[in-house]
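The structure follows.
Below, read A as the first sequence line, B as the second, and so on, with proteins coming before strands; counting in each chain starts at 1.
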Number of protein chains: 2
Amino acid sequence: MPKPTLVDVGREAGVSAITVSRALRSPEKVSEALRAKVEIAVKKLGYVPNQSASTLASNKSSSIVVMVPSISNNVFTDVLGGISDSLYGSRFNMQIGYTNYDSLEEERILRSFLNPTPSGVIISGIEQTPETKQMLENAGVPVVQIMDISEDPIDKIVGFSHDKAAETATQHLIDSGYKNIGFMGAQMDPRAQKRLAGFKKAIKANGELQEKSIAVTNKPSNVQLGGTLFGKLTSQFPECDAVLCNNDDLAIGVLFECQRRGIKVPEEFGICGFNDLGVSSETVPSVTSVSTNLREIGRLAGAMVIGKEDAPTDPIVDLSYHICVRESTRRS
Amino acid sequence: MPKPTLVDVGREAGVSAITVSRALRSPEKVSEALRAKVEIAVKKLGYVPNQSASTLASNKSSSIVVMVPSISNNVFTDVLGGISDSLYGSRFNMQIGYTNYDSLEEERILRSFLNPTPSGVIISGIEQTPETKQMLENAGVPVVQIMDISEDPIDKIVGFSHDKAAETATQHLIDSGYKNIGFMGAQMDPRAQKRLAGFKKAIKANGELQEKSIAVTNKPSNVQLGGTLFGKLTSQFPECDAVLCNNDDLAIGVLFECQRRGIKVPEEFGICGFNDLGVSSETVPSVTSVSTNLREIGRLAGAMVIGKEDAPTDPIVDLSYHICVRESTRRS
DNA sequence: ATCATAAATGATTGCGCAATCATTTTGCAA
DNA sequence: TTGCAAAATGATTGCGCAATCATTTATGAT
């Protein structure tokens, strides 16, 4: 038996197809009695709307397109979780695109996701290609950039300043009495570059920046890599006594490497992570990190893109950050 | 300017719309010259196919529906990564549904995702409702169950036996000389229940099972909870000298809690995790875990559902597991 | 009762594409 | 050349729904 359509439901309920459509989409526009009849018919036939037909007829899909660089990065799973929370129970569904940290891939995917026009777009970062920005502006739907902050968003933006966050974190290490602070980064995407810039700024404000104090790689971030980069950093910069890590994965990897080498944290070496991914607070010693409200970024972006009543009215939302000071930098 | 359609491309290229459609969908059926003309016209107009129209006309979408319990569980992000790898570059895209560990929610979501019919379905576990199974059988497309194993899949299945894995892991703890072994579990979904069953079986085979050796909760698994459950377990079962954890998160939480309490691992307490999520190998001491090929499960499921040439021919694929013995259980 | 107005419901049409069947062109053996 | 199959291309139609406009029915003031 073929899947029932609106016509079938209409026949069952003794009304026209378009009336059924209305009863389902805007129940306030039909009479109570009709709605009840339609509801019964829908249940009886097991009717499920055909999204494609609806999208084609209205030229508007009920998808919220979400563009993120990667699925395996905990940072983005947190954000996606927030968006998912926000959309739950609404009539919108998420369509996720993975750009693999590649702007052209992003443009390509987005182009296909924009036909037909979705109900909204959430996109990571502010470094889209000019073509991508143009496409998004022309789409005529809410666009929320996330993870970063800008005075001049495509439409709306929720995030925080990565360079300021890193600058503050670096200053915290300086204030904690560390003298030779290094920076360690993996997956050096534009936001990671900004964190590095913030680090450099803080160091320069307090003395001289040494190139050897920086160890970065474009490989994906993970705990093991933290240990590896620690080895690289301490061999090129032996006097190093603290490190700001681009991500908590690395920070935790550094902690474990210190434990393996018998280096005392925080006495001999200070560690500060980034994003406060949940494990940092549990390690022994616990690891200082920059908490960045990832889930909240997702939640707000979701609310803003579908125009929830509790969404912020300002198109620019700076969620800021705060340094969770823990044992790994508590020297005294 | 409105988005170009096949008709527009056809006009530009001097051919009919249907010919353009063919040139794009099955280029081997049209002449070389035509294909080139169409390609130029497509580029010039920036034509992007309208998925909805295509789906409606052919009554078949190019989506692969993937049903997973949760996005925030690392286990599933690994699996999703594998599926994503497998589908990359193909004409298929992923449509992800989050069931929140609820069979009825799963049924509801799936019902809406099956209209129009997708190109295939990947679904976690084997505990679908009868209605869900019926729907999937009727869909007439490849269905791959993942994460578990069964003699009687809906269509195909890729996974491993959770009870055997847990049984083997428990036996490993026994063989390592631990005498009072506990079990610790969070997010007690059906597969977690099977792991618990495997634990019980191994314990009973070597002596008597004590109810107090089990500490479980339905809360989502995380590192902090590992510490909490360790507290619960050791207070109800003080002679406990080793634990099998339902998930690596918990195992790592236990390790940290032992460090906080000054309990020596593995001498005084043995720890075995599950799923080998990547951090276990890096901690000090490193944590023994049951490696479960999560990414490979996803990769194979993707290959099987779209019928890649490198997909296994057998509909039942048992990927098994292996115990990664590390320092946390290496007593001697 | 009458009429004006609003509310409720219906008929028609087209969204962009692919399935189906029809037609034209090409290739090539006799 | 002729003929005929195969390849290439085209015309028509309908997928299921919602936008638009048309019609019917209910409501309520006079």
Side-chain angles (χ1 to χ4, degrees), chain A residues 1-39 41-42 45-63 91 111-119, chain B residues 1-39 41-42 45-63 91 111-119:
Chain A
M1 52 189 154
K3 289 174 191 170
T5 70
L6 279 182
V7 175
D8 300 321
V9 177
R11 191 181 311 118
E12 179 72 27
V15 296
S16 74
I18 182 61
T19 304
V20 176
S21 169
R22 253 194 301 256
L24 296 175
R25 282 183 302 139
S26 30
E28 75 283 359
K29 285 186 186 159
V30 302
S31 67
E32 179 63 35
L34 182 77
R35 193 162 73 248
K37 270 197 297 185
V38 168
E39 201 169 305
V42 164
L45 298 182
Y47 170 76
V48 178
N50 184 316
Q51 282 289 342
S52 300
S54 167
T55 299
L56 183 60
S58 66
N59 192 31
K60 192 80 177 278
S61 88
S62 58
S63 296
R91 63 182 194 81
R111 197 181 299 280
S112 80
F113 280 11
L114 288 182
N115 197 10
T117 307
S119 291
Chain B
M1 50 188 159
K3 289 174 189 170
T5 70
L6 279 182
V7 175
D8 300 321
V9 178
R11 190 181 312 119
E12 178 72 27
V15 296
S16 74
I18 183 60
T19 305
V20 176
S21 170
R22 256 193 301 255
L24 296 175
R25 282 185 302 140
S26 30
E28 75 283 359
K29 285 186 186 158
V30 302
S31 67
E32 179 62 35
L34 183 78
R35 193 161 73 247
K37 268 197 298 184
V38 167
E39 202 169 304
V42 164
L45 299 181
Y47 170 76
V48 177
N50 184 315
Q51 281 289 342
S52 299
S54 166
T55 299
L56 183 61
S58 65
N59 192 31
K60 191 82 175 277
S61 89
S62 59
S63 295
R91 63 184 193 82
R111 197 181 298 281
S112 80
F113 280 11
L114 288 182
N115 197 11
T117 307
S119 291

Practice task
Indicate, with a heavy-atom threshold strictly under 4.0 Å, whether Val7(A) touches base, sugar-phosphate, or nothing.
Solution key: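 Result for Val7(A) = nothing.
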Practice task
Could you check whether Pro49(B) gets within reach of a base, just the sugar-phosphate, or nothing at all, counting any heavy atom under 4.0 Å?
Solution key: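 Sugar-phosphate contact only - Pro49(B) comes under 4.0 Å of backbone atoms but never of a base.
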Problem - Whole angstrom value for the distance that separates C1' of dA18(D) from CZ of Arg91(A) - result: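 Those two atoms, CZ and C1', are 13 Å apart.
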Exercise for the section: Using whole Å, report how far NZ of Lys3(B) lies from P of dG16(C). Expected result: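 Roughly 10 Å, once rounded to whole Å.
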Handout entry: Value in whole Å for how far the C1' atom of dA8(D) lies from CD of Glu28(B)
Key =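 Rounded to the whole Å, the gap is 13 Å.
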Problem - Steps toward side-chain contact (heavy atoms from CB on, under 4.5 Å) verdict (Val20(B), Tyr47(B)) - result: CA-CA 11 Å; Val20(B) 176; Tyr47(B) 170 76; 5.6 Å; no
Exercise for the section: Using modelled atom types only, decide if a donor and an acceptor are shared between the side chain of Lys3(A) and the backbone of Leu114(B) within a distance under 3.5 Å. Expected result: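 Yes; judged by distance alone, with no hydrogens or angles, the pair exists.
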Handout entry: Distance below 4.0 Å between Ser16(A) side-chain N/O and dG10(C) OP1 or OP2
Key =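 Yes, such a contact exists.
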Exercise for the section: Could you walk me through whether Leu24(A) and Val38(A) pass side-chain contact (heavy atoms from CB on, under 4.5 Å), step by step? Expected result: CA-CA 8 Å; Leu24(A) 296 175; Val38(A) 168; 4.3 Å; yes
Handout entry: Distance test, side-chain N/O of Arg35(B) to OP1/OP2 of dA8(D), below 4.0 Å
Key =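 So the side-chain polar atoms of Arg35(B) never come under 4.0 Å of the phosphate oxygens OP1 or OP2 of dA8(D).
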Exercise for the section: With heavy atoms under 4.0 Å as the rule, sort Leu56(B) into base, sugar-phosphate or nothing. Expected result: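 The residue Leu56(B) makes base contact.
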Handout entry: Whole-Å gap separating P (dA8(C)) and CG (Leu24(A))
Key =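 Interatomic distance, CG of Leu24(A) to P of dA8(C): 16 Å.
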Problem - Whole-Å gap separating C1' (dA6(C)) and NZ (Lys29(A)) - result: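 In whole Å, dA6(C) C1' and Lys29(A) NZ are 14 Å from each other.
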Exercise for the section: When you get a sec, tell me which of dC17(D), dG10(D), dG10(C) is the closest nucleotide to the side chain of Tyr47(A)? Expected result: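 In terms of side-chain proximity for Tyr47(A), the closest of dC17(D), dG10(D), dG10(C) is dC17(D).
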Problem - Phosphate OP1/OP2 of dA8(C): any Ser31(A) side-chain N/O under 4.0 Å - result: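 Indeed not, no polar side-chain atom of Ser31(A) lies that close.
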Problem - Residue-phosphate contact under 4.0 Å: Ser52(A) side-chain N/O, dC17(D) OP1/OP2 - result: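 False: Ser52(A) side-chain N/O out of range (4.0 Å or more) of dC17(D) OP1/OP2.
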Exercise for the section: Kindly determine whether Gln51(A) and Thr55(B) satisfy side-chain contact (heavy atoms from CB on, under 4.5 Å), including the steps that lead there. Expected result: CA-CA 10 Å; Gln51(A) 282 289 342; Thr55(B) 299; over 6 Å; no
Practice task
Under the side-chain contact (heavy atoms from CB on, under 4.5 Å) rule, what do Arg22(B) and Ile18(B) come out as? Steps first, then yes or no, please.
Solution key: CA-CA 6 Å; Arg22(B) 256 193 301 255; Ile18(B) 183 60; 4.3 Å; yes
Exercise for the section: Describe the nucleic acid contact of Arg22(A) in one word from base, sugar-phosphate, nothing, applying a heavy-atom distance below 4.0 Å. Expected result: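 It contacts base atoms.
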Exercise for the section: Would you mind reading off the distance between Lys37(B) atom NZ and dA8(D) atom P, rounded to a whole angstrom? Expected result: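 From Lys37(B) NZ to dA8(D) P: 14 Å.
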Exercise for the section: Identify whether any heavy atom of Asn50(A) sits under 4.0 Å from a base atom; if not, whether one sits that close to sugar-phosphate; answer base, sugar-phosphate or nothing. Expected result: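 Touches sugar-phosphate only.
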Exercise for the section: Grab the CZ-C1' distance between Arg25(B) and dC17(C) for me, whole Å please. Expected result: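 Roughly 8 Å, once rounded to whole Å.
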Practice task
With the side chain of Ser21(B) defined as its heavy atoms from C-beta on, choose the nearest nucleotide among dA18(C), dC17(D), dT9(D).
Solution key: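 From the listed options, dA18(C) comes nearest.
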Problem - Integer-rounded Å distance: dT9(C) P and Ile18(A) CD1 - result: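 Roughly 13 Å, once rounded to whole Å.
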